[in-house]
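FYI, side chains are in, hydrogens and waters are out, and symmetry mates aren't considered; it's all heavy atoms of this structure. Residue numbering restarts at 1 for every chain, and letters A, B, ... go by the order of the sequence lines. Computed from a prediction, not measured in an experiment: that's the story for all the values here.
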2 protein chains.
Amino acid sequence: MRKRTDPSLLLDEQLCFALYAASRRMTAAYRPLLDALGLTYPQYLVMLVLWERDALTVRELGERLQLDSGTLTPLLKRLEQAGLVGRRRRQSDEREVEITLTQAGDNLRERAAEVPRCMADRLCMSVDAFRHLRDELKTLASQLASPQDPRE
Amino acid sequence: MRKRTDPSLLLDEQLCFALYAASRRMTAAYRPLLDALGLTYPQYLVMLVLWERDALTVRELGERLQLDSGTLTPLLKRLEQAGLVGRRRRQSDEREVEITLTQAGDNLRERAAEVPRCMADRLCMSVDAFRHLRDELKTLASQLASPQDPRE
DNA sequence: AAAATTTATATTGTGCACAATTAAATTTGA
DNA sequence: TCAAATTTAATTGTGCACAATATAAATTTT
């Protein structure tokens, strides 16, 4: 029984730690770029979704980003305070809160356009390698969706 | 100027989001397994490091996991409360706090041995695919280390 | 050796994540 | 039709992450 050398519990062998460490480094790499826009990384993701399609509900944003209202509600209130989005109940269904870009929120897209360019420079990856890794991660994420969870 | 269809700002094109989403799903997949051990995911990582090599300082744990004292100090206090580790200043250098496994912390390793097995079943990946993705993520993380940062 | 600097940890404050609960609006179905 | 079930957000509470600062111990400089 050589417990100490059981490789399955070694940190450097873990896929989960490589993923966790890479994800935090990625967020850290975005930080200076997003600071310049006055956004945090999760706020940037919300803005990406809204730039793609405006006037989504909290639920729709949550489905897209896989985040619940416990995370989104305070985040969206901060974006509202920053003047980037508006929040109002839909008259068609008062349970739903519709999030819309303000003019400032819409304008920010142009300044944000440089963010992916800066990151591409930073990564020094071929377009193929980039896509391949991204798609491997998407596959991994769907593999990890809990069976009884209808998220996908 | 077709702003709306600029692909560089589409959420589904982003490597960063694929990474962020996969990392959160991975943590979520560990949660039920770690709940059974009374650990959170970051606490599990700390235990992995200590099972590999006991009696590390907070700084050494932080270097291994890339976490600072603001994260580790309260986490380690919770592990201490749970009876899994001890914390004491080193007599050789009173600035350093040495973290050691208690008997309970050491014993937990045997129960933790099933965690990687369960996750391997869940992932349904070949050993080669697993290693390849893990090593790609390690390469990505080093690529993202800030130039002036001596972390690697 | 005293002063300045460096190092190690802790503390404070902000912002996620996520589980659990609550409250209100809507839908369903007996 | 109206009570029960469902849906949508918000709230509460815990535990990370991480920046900034504080504090104390050790080391280096003068």
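- Rounding to whole angstrom units, CZ of residue B:R89 and C1' of D:dA26 are separated by 13 Å.
- If you measure from atom NZ of A:K77 to atom P of C:dC16, you get 13 Å, rounded to the nearest angstrom.
- Contact annotation: B:Q43 side-chain N/O to D:dC16 OP1/OP2 distance is under 4.0 Å.
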Evaluate salt bridge (charged side-chain N to carboxylate O under 4.0 Å, His left out) for A:R90 paired with A:E94, printing each intermediate quantity in order.
-> CA-CA 5 Å; A:R90 278 194 174 157; A:E94 292 276 343; over 6 Å; no
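- Of all nucleotides listed (D:dC18, C:dA19, C:dA10), C:dA19 comes nearest to the side chain of B:R31.
- Rounded to whole Å, the distance from CZ on B:R90 to C1' on D:dA24 is 18 Å.
- In this structure, A:D93 reaches the sugar-phosphate backbone alone: every heavy-atom distance under 4.0 Å involves primed, P, OP1 or OP2 atoms, never a base.
- Between A:D68 and B:T71, the residue anchored closer to the 5' end of DNA chain D is A:D68, taking for each the nucleotide with the nearest heavy atom.
- Checking side-chain atoms of A:R89 against main-chain N and O of A:R95 turns up a donor-acceptor pair under 3.5 Å.
- One interatomic measurement links the two molecules: CD of A:E96 to C1' of C:dA24, which rounds to 13 Å at whole-angstrom precision.
- Distance CG (A:L75) to P (C:dA17): 8 Å, rounded to an integer number of Å.
- In this structure, the CG atom of A:L39 is 14 Å from the C1' atom of C:dC16, given to the nearest Å.
- Donor-acceptor pairing under 3.5 Å, judged by distance alone, is absent between the side chain of B:S69 and the base of C:dA8.
- In this structure, of C:dC18, D:dA9, C:dA10, it is D:dA9 that holds the atom nearest to the side chain of A:R59.
- Side-chain nitrogen and oxygen atoms of A:R87 include at least one within less than 4.0 Å of the OP1 or OP2 phosphate oxygen of D:dA10.
- A:T40 comes within contact range of the sugar-phosphate backbone alone, with a heavy-atom separation under 4.0 Å but no base atom that close.
- Of the candidate nucleotides C:dC18, C:dT9, D:dC16, C:dT9 has the atom nearest to the side chain of B:T57.
- In this structure, B:I99 places its CD1 atom 8 Å from P of C:dT9, rounding to the nearest Å.
- Checking D:dA10, D:dT8, C:dA19 against the side-chain heavy atoms of A:R95 singles out D:dT8 as nearest.
- With DNA chain C read from its 5' end, the first of the two nearest nucleotides for B:Y20 and B:P74 is the one closest to B:P74.
- Between D:dA24, D:dG15, D:dC18, one nucleotide has an atom nearer to the side chain of B:R78 than all others, and that is D:dG15.
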Chi angles and distances behind the salt bridge (charged side-chain N to carboxylate O under 4.0 Å, His left out) call for B:D12, A:R64 | CA-CA 10 Å; B:D12 290 339; A:R64 202 82 167 79; 3.2 Å; yes
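- Cation-pi contact between B:R134 and B:F130: absent, since separation from the ring centre below 6.0 Å together with deviation from the ring axis within 45° is not met.
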Do B:M125 and B:L133 pass the side-chain contact (heavy atoms from CB on, under 4.5 Å) test, and can you show the C-alpha distance, the side-chain angles, and the key distance before you say yes or no?
-> CA-CA 10 Å; B:M125 285 173 82; B:L133 179 53; 4.1 Å; yes
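- No engagement by B:T27 is indicated, since no non-hydrogen atom pair under 4.0 Å with the nucleic acid exists.
- In this structure, CG of A:L72 is placed 13 Å from C1' of C:dG15, rounded to the nearest angstrom.
- Each of A:R109, A:E110, A:Q103, A:R111 was evaluated against A:N107; a single residue qualifies, A:Q103, per the side chain to side chain donor-acceptor pair (under 3.5 Å) test.
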